[in-house]
Number of protein chains: 2
Amino acid sequence: MTAAPEPRKDGMASEEMVWPDELFLDLDRNGPVPLYFQVSSRLEAAIRSGAIPPGSRLENEIAIGQRLGLSRPTIRRAIQELVDKGLLVRRRGIGTQVIQGQVTRQVELTSLYDDLRNSDKEPSTTVIKHAVIPATDLVANMLGLPAGADVLYLRRLRSTDDVPVAVLENYLPPEFADISPENLEARGLYQILRSRGVGIRIAQQKIGARRAQRDESRLLGIDKGGPVLTMERVAYDNTGRAVEFGHHCYRPDLYGFETTLVAK
Amino acid sequence: MTAAPEPRKDGMASEEMVWPDELFLDLDRNGPVPLYFQVSSRLEAAIRSGAIPPGSRLENEIAIGQRLGLSRPTIRRAIQELVDKGLLVRRRGIGTQVIQGQVTRQVELTSLYDDLRNSDKEPSTTVIKHAVIPATDLVANMLGLPAGADVLYLRRLRSTDDVPVAVLENYLPPEFADISPENLEARGLYQILRSRGVGIRIAQQKIGARRAQRDESRLLGIDKGGPVLTMERVAYDNTGRAVEFGHHCYRPDLYGFETTLVAK
DNA sequence: CAGTGGTCTAGACCACCCT
DNA sequence: GGGTGGTCTAGACCACTGG
């Protein structure tokens, strides 16, 4: 780390046009990685490391293209990726600037398991219940199955470093009934689905809060009737077919949801 | 409404290629609205109305372009908009399909005030506190101001149809100290900022839960120590300067957060 | 005025999927 | 092999911003 990129106190954007000397000279034109992605990921790394400081302006798109030997649309797409991530801001007639203020990670479409792994925790799972049951009307509707159809019901306790963090309840179509409890204790659910060729592409979530119910307070080690953070999710695969419905509750002192919103 | 677009029970995607007869013949090439946006919004309306049923396949991009007299990149961008919204799914070598399963609204970068207005409620606001105070270290850090700098502190109670929904606490840079309580009771905060030429472009949010504190339970009309849903937000303007920091708590039985996540 | 991003075009080649 | 989306190019015109 060099000098800390402290925010300016005068409200003006700094306009130095800094470019980390030739950090973009190893583009692979033949490999499978798209050029716009190679550019955007190198650019993102330079911003997150502070090599391109907050508030600084980028060169215009054509100039960057000439510098890298790429066309303007390719550069434009690379920049757009970072605008969507909230790292850059574009203004017509002005230029492109690095955002001021600390940058954080985006909430991606990942499972809790992956979230925890990525934050240096060691997640573990206990399968509390694993059974094929007839779907309630709610579950059947969410999964697009006929009422009363068989579904796989899972109830799991997710912990990090042996501290319980969440109670996870899931419902899956019956074709997944052969997913074993042992498998579920070793890997995340989305990881298992992916290895079976089922890629999750879209999910709809609702986040809320309520009192801990029934045995949730005991499982999570919190006060009886204490607050829990809840998340309900329906996940769809490539074809838009509903693959998983779940409602989960989290210990609010150990887990929360972070998002970056970018206005269109 | 025609026949209800009920989900298929056999797990196969329907592949009829339906096109609402010539719904795209009134493109305005000279107006200020981009062509890709005209296409995507008409397409979105057709999908949400059921005119293009769930699971149906679209024509390929070039054919659509010829039909509308537009180039492939323009069509591609229109389709991409709807993919990002979670309405369409694209697969290489296969085609583009309408998602199966009910579609809901996206969480946009809007204020609670706008959210409530859009859902047919009548929001009202009571300003509980309106004062210029020295910033705590946390607030100064979030807003990028020197420690102890003056900030405008707001505490508001937001209700719909006279039922309290949320307690909102905000901190703004001192240049906004002239925003009057009367103004705040008539309009949303983001609306006021916009009318002063301050457009919010990026916000970072953290969502969590905890027990109601102090007088929050009284203000919200819930049990003492009952659960509340919390949201903390830092909002940045065009230039990436922090414009607003707030932490809010919501009655969990009256409000929640919905999101659609799309994997990249 | 010159410079910037926003949009649009008309091609091209490739990787992937199905049959 | 034929069709699809994924990527890339080399131009063009426009709207907006600043001095």
Using a heavy-atom cut-off of under 4.0 Å over every strand shown, decide if [X] touches base, sugar-phosphate, or nothing.
| X | value |
| --- | --- |
| B/Ile62 | nothing |
| A/Pro34 | sugar-phosphate |
| B/Arg72 | base |

With the threshold set at 4.0 Å, does a side-chain nitrogen-carboxylate oxygen contact exist between A/Glu44 and A/Arg48?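 A salt bridge is present here (some side-chain N lies under 4.0 Å from a carboxylate O).
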Return the CD1 to CD distance between B/Ile64 and B/Gln66, rounded to the nearest 0.5 Å.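 The distance works out to 11.0 Å.
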Atom pair CG (A/Leu154) and CG (A/Leu168), whose distance is rounded to the nearest 0.5 Å: 9.5 Å
Do you see a donor-acceptor pair shorter than 3.5 Å between the side chains of B/Arg57 and B/Gln97?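 Side chains of B/Arg57 and B/Gln97: no pair found under 3.5 Å.
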Could you tell me which residues satisfy side-chain hydrogen bond (donor to acceptor under 3.5 Å, both in side chains) with [X], sequence neighbours excluded, listed by chain and number?
| X | answer |
| --- | --- |
| A/Asn170 | A/Arg156, A/Glu244 |
| A/Arg90 | A/Glu61, A/Gln80 |
| A/Arg196 | A/Asp178 |

In chain order, what residues pass the ring pair (Phe, Tyr, Trp, His ring centres under 6.0 Å) check against A/Phe176, with sequence neighbours excluded?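 So A/Phe176 forms no ring pair (Phe, Tyr, Trp, His ring centres under 6.0 Å) with any residue.
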So where does chain B start and stop touching DNA chain C, 5' to 3', when the test is distance under 4.0 Å to a non-hydrogen atom? C/dT7 to C/dC18
Mapping B/Ile79 and B/Pro73 to their closest nucleotides on DNA chain D, which lands nearer the 5' end?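 Here B/Ile79 is the residue nearer the 5' end.
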Whole Å only: how far is the CZ atom of B/Arg76 from the C1' atom of D/dT4? 10 Å
Between D/dG5 (P) and B/Arg77 (CZ): distance, integer Å: 19 Å
Identify each atom pair where a protein N or O and an N or O of nucleotides 14-16 of chain D are less than 3.5 Å apart, giving names and distance.
{"residue": "D/dA15", "atom": "O4'", "partner": "A/Arg92", "partner atom": "NH1", "Å": "3.4"}

